[in-house]
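Since the structure comes first, as structure tokens, the remarks are kept for the end.
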Amino acid sequence: MSITVFSHQYCSLHRVSEVHPEEPARIAAINDQIIRSGMEFALTQKDAEPADREDLLRVHAANYVDDVFDRAPTEPDQHIWLDPDTMMTAGTLRAALYAAGSGICAVDEVFTAENRRAFCSVRPPGHHATWDAAMGFCIFNNVAVATAYAMHKYGLERVAIVDFDVHHGNGTEDIFLNDERVLFCSSFQHPLYPNSGTETISHEVINIPLPAGCDGPTWQAAVRERWFPAIDAFEPQLIMVSAGFDGHMEDDMAQFNLTETDYHWIAQELKALAERYCEGRIVAMLEGGYDHSSLGRSVVAFLKGMQ
Ligand SMILES: [Zn+2]
């Protein structure tokens with residue numbers, strides 16, 4: 001069994017500016033490290049397909065989706081702002097549709113193909129996008145689109161979403177807050193953008209705010225203590241992952257001190273949980289990670305952990 005990696009060249013069409021950290025070179029950096037590691041021969045690489053309107057409407061308000069489509073620039077020199085951090089240029093809508101659609105392809109892959117684990121190397125990221133708003137570089141909530149599709153298509157009643165991006169996955173929490181079919185586990189630096197996740201009261205939301213400077217052993221201990229018993233009790237039929245690597249010590253976007261070792265560890269732990277409860281099924285989707293070298297190395301470590 002190998003891991004299927006979904007991506008698409010259209011994910012590079014979304015370009016904000018020469019200096020914006022959420023840039024096409026992130027995907028290239030991941031590909032470079034996969035090749036350098038020799039791992040490409042252990043992976044099944046496939047092109048993603050785009051999400052359609054019906055897929056988006058399971059997790060987003062119709063007027064929000066319509067607004068994104070209506071306002072999407074079509075000329076090379078055009079741009080619009082959906083929120084103070086989130087710009088759309090001419091290629092953005094197509095990139096966002098392929099990013100959201102990749103998770104749907106990955107869900108189908110782990111339920112119908114031999115491979116039980118998939119990784120979506122896509123952008124723009126998704127976990128800050130709420131029911132009715134873009135936020136923090138995110139337009140459509142990719143992991144939420146895939147989770148809702150999995151519940152719709154395969155009749156799942158219990159999906160665990162694990163989000164280890166250094167920022168709180170506020171959008172994912174917002175979308176599934178009142179849905180008992182989804183267990184949401186998020187660890188994040190606090191205080192830090194978007195400064196949410198410390199007051200959520202729900203049995204299906206396990207938030208772990210941690211201070212700047214948090215290192216690997218501290219993060220692992222918190223995850224082991226808070227997430228794993230909740231996942232054990234929930235017995236998920238699928239594990240989805242918002243895989244953000246901006247908590248790496250070399251990533252300037254925040255002040256966590258995680259390393260590749262930590263991403264390898266969480267992948268191994270999630271794989272063990274998935275094998276216990278859901279025949280090994282994991283779909284992981286790229287979120288943050290802005291330092292190209294550590295991003296590429298971290299994704300490789302994560303993929304090796306899931307093998
Ligand atoms: Zn992030």
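What you are looking at is a predicted structure, and each value in this text was computed from that prediction instead of being measured.
His20 pairs by the ring pair (Phe, Tyr, Trp, His ring centres under 6.0 Å) definition with Phe137, not counting sequence neighbours. Ala146 meets the side-chain contact (heavy atoms from CB on, under 4.5 Å) test with Val107, Met240, Met285; sequence neighbours excluded. When the ring pair (Phe, Tyr, Trp, His ring centres under 6.0 Å) test is applied to Phe164, the partners found at least two apart in sequence or on another chain are Phe245, Tyr263, Phe302. For Gln255, the side-chain contact (heavy atoms from CB on, under 4.5 Å) criterion is met by Gln189, Ala212, not counting sequence neighbours. Considering only residues two or more places apart in sequence or on other chains, Asp66 meets the side-chain contact (heavy atoms from CB on, under 4.5 Å) condition with Arg53, Asp70. Tyr98 pairs by the ring pair (Phe, Tyr, Trp, His ring centres under 6.0 Å) definition with His8, Tyr10, not counting sequence neighbours. Scanning for salt bridge (charged side-chain N to carboxylate O under 4.0 Å, His left out) contacts around Glu260 gives Arg297, with sequence neighbours left out.
Heavy-atom neighbours of Arg71 CZ from other residues, nucleotides or ligands within 6.0 Å: above the threshold of 12.
Contact check for Tyr193 versus Met253: no side-chain heavy atoms found under the 4.5 Å cut-off. Annotation: side chain of Ser102 is not in contact with side chain of Asn142 (no heavy-atom distance under 4.5 Å). For the pair Arg158 and Leu183, the minimum side-chain heavy-atom distance is 4.5 Å or more. Counting heavy atoms from C-beta outward, Asn141 and Asp174 have side chains that stay 4.5 Å or more apart. Taking 4.5 Å as the limit, every side-chain heavy atom of Asp163 sits out of range of all side-chain heavy atoms of Val143. For the pair Ser121 and Val299, the minimum side-chain heavy-atom distance is 4.5 Å or more. At a threshold of 4.5 Å between non-hydrogen side-chain atoms, the residues Val122 and Cys11 count as touching. Using a 4.5 Å cut-off on side-chain heavy atoms (C-beta onward), Thr130 and Tyr64 make no contact.
Gln33 places no side-chain N or O within donor-acceptor distance of the main-chain N or O of Val300, the cut-off being under 3.5 Å. Side-chain atoms of Asp165 come within 3.5 Å of backbone N or O of Gly288 as a donor-acceptor pair. In this structure, the side chain of Gln237 engages the main chain of Glu157 through a donor-acceptor pair within 3.5 Å. Side chain of Arg58 to main chain of Ala148: no donor-acceptor pair is present (N/O by atom type, distance under 3.5 Å, no hydrogens or angles). With hydrogens and angles disregarded, a donor-acceptor distance shorter than 3.5 Å links the side chain of Asp251 to the backbone of Tyr290. Between the side chain of Glu204 and the main chain of Leu177, no donor-acceptor pair closer than 3.5 Å is present.
Contact record, Ala301 with His264: O-CD2, 3.1 Å, taken as the closest heavy-atom pair. Minimum heavy-atom separation, Ala99 to Pro124: CB-O, 3.7 Å. Taking each heavy atom of His14 and Ala95 in turn, the nearest pair found is CB-CB, 3.6 Å. Smallest separation of non-hydrogen atoms from Trp131 and Ile175: N-CG1, 3.7 Å. Taking each heavy atom of Leu156 and Ala150 in turn, the nearest pair found is CG-O, 3.6 Å. Summarising the geometry of Val110 relative to Arg117, their closest heavy-atom pair is CG1-N, 3.8 Å, with the distance given to 0.1 Å.
For residues 103-124, every residue pair satisfying the ring-ring contact (aromatic ring centres under 6.0 Å, His included) rule, not counting sequence neighbours, is listed here: Phe111-Tyr154. Applying the salt bridge (Lys or Arg N to Asp or Glu O under 4.0 Å) rule to pairs touching residues 86-103 yields nothing, sequence neighbours excluded. The salt bridge (Lys or Arg N to Asp or Glu O under 4.0 Å) pairs that include a residue from residues 107-116 are Lys46-Glu109, Asp108-Lys153, Arg116-Glu279, where partners are two or more places apart or lie in different chains. The stretch residues 6-25 participates, sequence neighbours left out, in these salt bridge (Lys or Arg N to Asp or Glu O under 4.0 Å) pairs: Glu22-Arg26, Glu22-Arg123.
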Worksheet item: Checking side chain to side chain contact (heavy atoms under 4.5 Å, CB included) for the pair Thr92/His79: CA distance, chi angles, key distance, verdict?
Response: CA-CA 10 Å; Thr92 301; His79 70 269; over 6 Å; no
Worksheet item: Do Met151 and Asp179 pass the side chain to side chain contact (heavy atoms under 4.5 Å, CB included) test, and can you show the C-alpha distance, the side-chain angles, and the key distance before you say yes or no?
Response: CA-CA 11 Å; Met151 296 192 295; Asp179 191 334; 3.8 Å; yes
Practice prompt. Could you check Ser187 against Trp227 for side chain to side chain contact (heavy atoms under 4.5 Å, CB included), going step by step and ending with a plain yes or no?
Written response: CA-CA 9 Å; Ser187 66; Trp227 285 359; 3.6 Å; yes
Discussion item. Run Thr198 and Asn207 through side chain to side chain contact (heavy atoms under 4.5 Å, CB included) and show every step you take.
Written reply: CA-CA 7 Å; Thr198 55; Asn207 282 327; over 6 Å; no
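For the residue pair Asn115 and Thr44, a side-chain donor N or O sits within less than 3.5 Å of a side-chain acceptor on the partner. Residues Thr200 and Glu173 have side chains that bring a donor and an acceptor to within less than 3.5 angstrom of each other. Between the side chains of His168 and Asn170, no donor-acceptor pair is found at a separation under 3.5 Å.
Relative ring orientation between Phe69 and Phe140 is described as tilted, the plane-to-plane angle lying within the 30° to 60° band. Aromatic ring pairs are classed by plane angle as parallel below 30°, tilted from 30° to 60° and perpendicular above 60°; the pair Phe188 and His190 is perpendicular.
Taking CG of Asp55 as the reference point, atom CG of Asp52 lies at 4.0 Å (rounded to 0.5 Å).
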Throw together a table of side-chain donor-acceptor distances under 3.5 angstrom for residues 267-275, partners on residues two or more places apart or in other chains.
{"from": "Glu269", "atom 1": "OE2", "to": "Trp265", "atom 2": "NE1", "distance (Å)": "3.3"}
{"from": "Lys271", "atom 1": "NZ", "to": "Gln307", "atom 2": "O", "distance (Å)": "2.3"}

